[in-house]
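Order of the sequence lines fixes the chain letters, A, B, ..., with proteins taken first and strands second; residue numbering starts at 1 for each chain.
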Amino acid sequence: MPELAEVAYYAAQWNPGLSQKILRVHTGPKPRFFRNTPPSAFAALAGTTYRHARTHGKNMLFEFSDGLWLSGHLGMTGELLTGPPEHPPTAHDHLVLYTKSTALIFRDFRMFGCVRLDESPSTPPAAWQSLPPEILNPQFTTARVAGALQRHARSPLKAFLLDQAWFPGVGNWMADEVCYQLQLNPATPSGTVDPAALRKVLRAICQKSMKTIAVDWSDPPATWLMPYRWKDGGLCPGKNCGTALVRETLRGRTACWCPVCQPGV
DNA sequence: ATCTCTGTTCACAA
DNA sequence: GTTGTGAACAGAGA
């Protein structure tokens, strides 16, 4: 489920473990989840203290004492949760960190998510030093958006919005939401989009979802496309609209839009 | 059985 | 060299 605000929500689920010592580490039997790291390497977290969580777009970074940094991505179906201190790992609990009072669980039944461990005294690992500005960062300027739209002028707006190098944290529903709120068809060529308007809508969507979904998984406004885009039979929430929403595959991903409010190009 | 899916990466085409 | 596309990855639910 995870896009920007969902990732922030999940990262915060480990907060009950803050300032606690990791007593024991469980790693599941699927090496793919750990990519190039031998799963046994994660045992180094035992004996450290969990200090801090942060996110950048869809990436999560957890700081532990002794210069250890655990980074992770939730893929399509990843989730973080806590369990009782004796939590027995399920088949899809790839990493579990046990403290005296809780278990910090990284669960992912598909395995598009991943974790890695870096050692780096006091500063975040190298990959976290050179990331593009997030959408709510002041450096995410209209000029930056304008440049991006020009470079990818022929790419359909919806598809381009999924580019994490330019729009960190935007996923499938957020990209559809941006198109909906701009009243632009998802196939609109990026080069024709007004950069200031795009930036404004992007920031508003990030801001609101960080105040709702990221805090307690509460619903975004009923005027958004998001609550209606999943199921068959969804109707456009636009004032006096109510048109049946359309779902079609665009560049390999499901796009959803209102054929009246976002007419074809 | 067949299809779907809130993501990323890779090979390859243009 | 850069940009754009579809397939592959894996597993559960409809």
Side-chain angles (χ1 to χ4, degrees), chain A residues 1-11 13 28-36 55-60 71-81 89-94 106-116 127 131-132 135 147-181 186-193 202 205-206 208-210 212-214 217-220 224-234 245-257 265:
Chain A
M1 311 169 139
E3 298 178 25
L4 182 82
E6 289 104 341
V7 173
Y9 173 85
Y10 280 127
Q13 296 310 294
K30 306 278 191 171
R32 180 184 203 276
F33 191 73
F34 306 99
R35 299 303 194 268
N36 296 325
T55 65
H56 182 286
K58 298 174 191 171
N59 296 291
M60 306 178 292
S71 48
H73 194 290
L74 295 166
M76 286 281 246
T77 54
E79 55 179 330
L80 300 193
L81 64 160
T90 71
H92 303 300
D93 292 349
H94 303 297
F106 195 141
R107 180 174 292 170
D108 183 11
F109 73 80
R110 256 164 117 179
M111 286 190 292
F112 294 175
C114 58
V115 288
R116 64 173 280 152
L131 294 167
I135 291 162
L149 291 171
Q150 283 320 302
R151 272 179 71 166
H152 298 267
R154 288 167 27 174
S155 185
L157 178 61
K158 158 68 188 287
F160 179 43
L161 286 167
L162 297 173
D163 188 335
Q164 299 300 292
W166 292 104
F167 309 108
V170 172
N172 208 29
W173 77 252
M174 290 182 79
D176 279 349
E177 190 67 47
V178 169
C179 294
Y180 176 73
Q181 294 192 19
T188 305
S190 297
T192 66
V193 175
L202 271 168
I205 290 170
C206 289
K208 189 65 181 177
S209 56
M210 290 301 286
T212 52
I213 299 166
W217 210 265
S218 51
D219 294 333
W224 284 19
L225 175 70
M226 195 265 214
Y228 316 100
R229 70 181 298 284
W230 312 111
K231 300 193 295 279
D232 293 339
L245 297 171
V246 172
R247 267 186 299 171
E248 246 172 57
T249 300
L250 176 68
R251 300 302 181 268
R253 305 298 304 277
T254 302
C256 177
W257 71 92
V265 287

Handout entry: Side-chain N or O of A:R151 closer than 4.0 Å to phosphate OP1/OP2 of C:dT2
Key =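 No, no such contact exists.
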
Return the value, rounded to whole Å, for the distance between atom [atom1] of [X] and atom [atom2] of [N].
X	N	atom1	atom2	result
A:D176	B:dG7	CG	P	10 Å
A:F112	B:dT4	CZ	P	15 Å
A:L161	C:dG4	CG	C1'	15 Å
A:M76	B:dC5	CE	C1'	5 Å
A:Q164	B:dT9	CD	P	9 Å
A:H92	C:dA12	NE2	C1'	8 Å
A:L250	C:dT5	CG	P	8 Å
A:N59	B:dT8	CG	P	8 Å

Practice task
List the steps, then state whether side chain to side chain contact (heavy atoms under 4.5 Å, CB included) holds for A:D163 with A:S155.
Solution key: CA-CA 11 Å; A:D163 188 335; A:S155 185; over 6 Å; no

Per [X] side chain, nearest of listed nucleotides [options]:
X	options	value
A:H152	C:dT3, C:dC9, C:dA12	C:dT3
A:R251	B:dG7, C:dA12, C:dT5	C:dT5
A:E3	C:dA12, C:dT3, B:dG7	B:dG7
A:K58	B:dG7, C:dG11, C:dG4	B:dG7
A:R32	B:dG7, C:dT2, C:dC9	C:dC9
A:R154	C:dC9, C:dG11, C:dG4	C:dG4
A:M111	C:dT5, B:dG7, C:dG11	C:dG11
A:F109	C:dT5, B:dG7, C:dG11	C:dG11

To the nearest 0.5 Å, what is the distance between [atom1] on [X] and [atom2] on [Y]?
X	Y	atom1	atom2	answer
A:D93	A:L81	CG	CG	7.0 Å
A:F106	A:E79	CZ	CD	10.0 Å
A:W224	A:D176	CH2	CG	13.0 Å

Exercise for the section: Look at atom CZ of A:R116 and say whether more than 12 heavy atoms of other residues, nucleotides or ligands are closer to it than 6.0 Å. Expected result: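 It does not: A:R116 CZ has 12 such atoms or fewer within range.
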
